[in-house]
There are 2 protein chains.
Amino acid sequence: MSPRPKIALDKNTIMLAAAELANENGSEYVTLAMLAKKLNIKPPSLYNHFDGLPGIKRELAIYSLEKLYNSLAKEAQGKSQGDEAIMALSQAYLTFARKNPGLYDFALSAPDPADEFVHDAGRKIVGLVISAIQPFGLKEEEAIHAVRGLRSLMHGFTSLEQKGGFGMPLDLDESYQLAVEAFIKGLKK
Amino acid sequence: MSPRPKIALDKNTIMLAAAELANENGSEYVTLAMLAKKLNIKPPSLYNHFDGLPGIKRELAIYSLEKLYNSLAKEAQGKSQGDEAIMALSQAYLTFARKNPGLYDFALSAPDPADEFVHDAGRKIVGLVISAIQPFGLKEEEAIHAVRGLRSLMHGFTSLEQKGGFGMPLDLDESYQLAVEAFIKGLKK
DNA sequence: TTGCTAAAACTAATGTCATTAGTTAATATA
DNA sequence: TATATTAACTAATGACATTAGTTTTAGCAA
């Protein structure tokens, strides 16, 4: 194709291609070379849309966090706060990571974790969890500690599962559910 | 230096250099080029000792898991089983990851997670935790679920902390300790 | 002691990346 | 209709891993 084609690529198309690449082949397959090949352009052309590979990864992180947030919000919708909402959130979290293994990697490994946009995207998710644990009547600081624990549990399980870190032939869904239940139970006075 | 120097490098020296590189600069700095520069040799020379970069990473994973195991075992030593041992283990886990941020990365991201040696090294650590929760009188399957939860919590917190994923200015050590305590409490009948 | 083997370094070359600079053609705008 | 901008391109550079083939010397056997 010659310069300036009728229909130019837009950011969204590129994001989708990158996400597909990540999910189908693994996050390490998100390279300018691979992405360009998938889009039938040459690698340097990508610089017209993104600030190099770090730029793509950063936007992929934000994209991933937003998709994760949407999945969680949708699932929490309608559930009553407390145990029910927390179980729904944790289940949705795991489901998202399983359906989007490559994309999930980017959600938690932005080039610069202090990046404002990345941070904002993460904060929204924290808000969902904060809201879910309202009924426990925790003080503000206690609530933050609780959310940190819950996030650690969800991310840790997800991450270990994806790395194949669990060896025993014992149902993983049950392990996850029991772990979240135990944590919730321990949270209550 | 010319071919065949008086004192040749040995595997252990290379491992130490690689671990240092990882801890001081980050795991992504473990490249043949960097490692060779640090050791004052040329990159191809490393192939005399290791099976390429994947080989080094694999051995680094085993090395890291063994160091982690030693730290944990040492800390569990003398503690009575149950709450005390679990708190000691979880604290040692976090301490190890903080002291060895780069190396810790390799512990849980071996090129092939199904690798026999990597797996064995991980199994020893699971054994420590299994032993620590003995007093809870869990059935075998329950115990495995519990260990999975505990590992998820420890790895998740560690991982999120290292990525700078916790935004709020609230004591992290306290969050960790409270989370582990809550989980333990929830584990009990 | 001498000669051979194998180890551990080396140089040179290849291929894959990301990235930069500069070019071109077609769309969008004035 | 003329111009500016956009989005593609080619060409070149430098970092990296890796392979092939070479060289020197340490360690061992005859």
Side-chain angles (χ1 to χ4, degrees), chain A residues 1-22 24-63 102 105-106 109-112 115, chain B residues 1-61 63 102 105-106 109-112 115:
Chain A
M1 198 133 329
S2 296
R4 206 67 218 264
K6 287 169 205 163
I7 305 166
L9 287 171
D10 68 324
K11 253 183 172 163
N12 208 264
T13 307
I14 300 177
M15 290 315 286
L16 289 176
E20 208 177 298
L21 213 45
E24 289 177 4
N25 305 95
S27 58
E28 73 279 8
Y29 275 71
V30 177
T31 64
L32 295 188
M34 283 285 186
L35 193 48
K37 178 175 282 186
K38 192 178 178 76
L39 294 166
N40 289 310
I41 58 174
K42 303 294 174 184
S45 304
L46 287 166
Y47 285 79
N48 289 317
H49 305 278
F50 290 94
D51 199 8
L53 189 55
I56 290 184
K57 290 186 171 175
R58 177 181 166 275
E59 302 229 24
L60 220 35
I62 297 170
Y63 176 70
D105 277 353
F106 289 103
S109 62
D112 177 13
D115 183 291
Chain B
M1 196 125 343
S2 295
R4 206 68 220 264
K6 286 169 202 160
I7 304 167
L9 287 171
D10 68 325
K11 253 183 173 162
N12 209 265
T13 306
I14 300 177
M15 290 315 285
L16 289 176
E20 209 176 299
L21 213 44
N23 285 333
E24 290 176 5
N25 304 95
S27 58
E28 72 280 10
Y29 276 70
V30 177
T31 64
L32 295 188
M34 282 285 185
L35 193 49
K37 179 175 281 186
K38 192 179 176 75
L39 294 166
N40 289 311
I41 58 175
K42 303 293 173 184
S45 303
L46 287 166
Y47 285 79
N48 289 317
H49 304 279
F50 290 92
D51 200 7
L53 189 57
I56 289 184
K57 290 184 171 177
R58 177 180 166 275
E59 302 229 24
L60 220 35
Y63 175 71
D105 276 353
F106 288 103
S109 63
D112 176 13
D115 182 291

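To find a chain, count down the sequence lines: A is the first, B the second, and so on, and within it residues start at 1.
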field: Atom-pair distance (NZ on K42(B); C1' on dA15(D)), nearest Å
entry: 15 Å
query: NZ of K57(A) versus C1' of dA18(C): gap in Å, rounded?
result: 11 Å
query: Using a cut-off of less than 4.0 Å, is there contact between a side-chain N or O of H49(B) and OP1 or OP2 of dA7(C)?
result: no
query: How long is the gap from OG1 on T13(B) to CG on L39(B), to the nearest 0.5 Å?
result: 8.0 Å
message: Please determine whether side-chain contact (heavy atoms from CB on, under 4.5 Å) holds for the pair Y63(A) and L16(A), giving the CA-CA distance in whole Å, both sets of side-chain angles, and the decisive distance to 0.1 Å.
response: CA-CA 10 Å; Y63(A) 176 70; L16(A) 289 176; 3.3 Å; yes
task: Please work out which residues in residues 12-22 of chain A have a non-hydrogen atom less than 4.0 Å from an atom of DNA chain C and list them by number.
output: none
- request: For N48(A) and S45(A), test the side chains for any donor-to-acceptor distance below 3.5 angstrom and give the result as yes or no.
  value: no
- prompt: Does NZ in K37(B) sit with more than 12 non-hydrogen atoms of other residues, nucleotides or ligands closer than 6.0 Å?
  reply: no
Length of the CG-C1' vector between L46(A) and dT19(C), whole Å: 12 Å
message: Are there over 12 heavy-atom neighbours, none belonging to N25(A), within less than 6.0 Å of that residue's CG?
response: yes
query: Whole Å only: how far is the OH atom of Y47(B) from the C1' atom of dA20(D)?
result: 13 Å
query: In whole angstrom, what separates I41(A)'s CD1 from dC9(D)'s P?
result: 6 Å
query: Between S27(A) and D105(A), which heavy-atom pair has the shortest distance, and what is it?
result: OG-OD2, 2.8 Å
- prompt: Given R58(B) and F50(B), is the side-chain contact (heavy atoms from CB on, under 4.5 Å) satisfied, shown in steps?
  reply: CA-CA 10 Å; R58(B) 177 180 166 275; F50(B) 290 92; over 6 Å; no
message: What is the separation between atom CG on N48(A) and atom P on dT10(D), rounded to the nearest whole Å?
response: 14 Å
Shortest non-hydrogen separation from N23(B) to G102(B) and the atoms involved: OD1-N, 3.0 Å
task: Answer yes or no: does atom NZ of K42(B) have more than 12 heavy-atom neighbours from other residues, nucleotides or ligands under 6.0 Å?
output: no
message: What is the distance, to the nearest angstrom, from the CG atom on L35(B) to the P atom on dC16(D)?
response: 12 Å
Contacts under 3.5 Å, N or O only, protein and nucleotides 12-17 of chain C:
none

- prompt: Between F50(B) (CZ) and dT18(D) (P), how many Å, whole number?
  reply: 13 Å
field: Short side-chain N/O contact to dA8(C) OP1/OP2 from S45(B), under 4.0 Å
entry: no
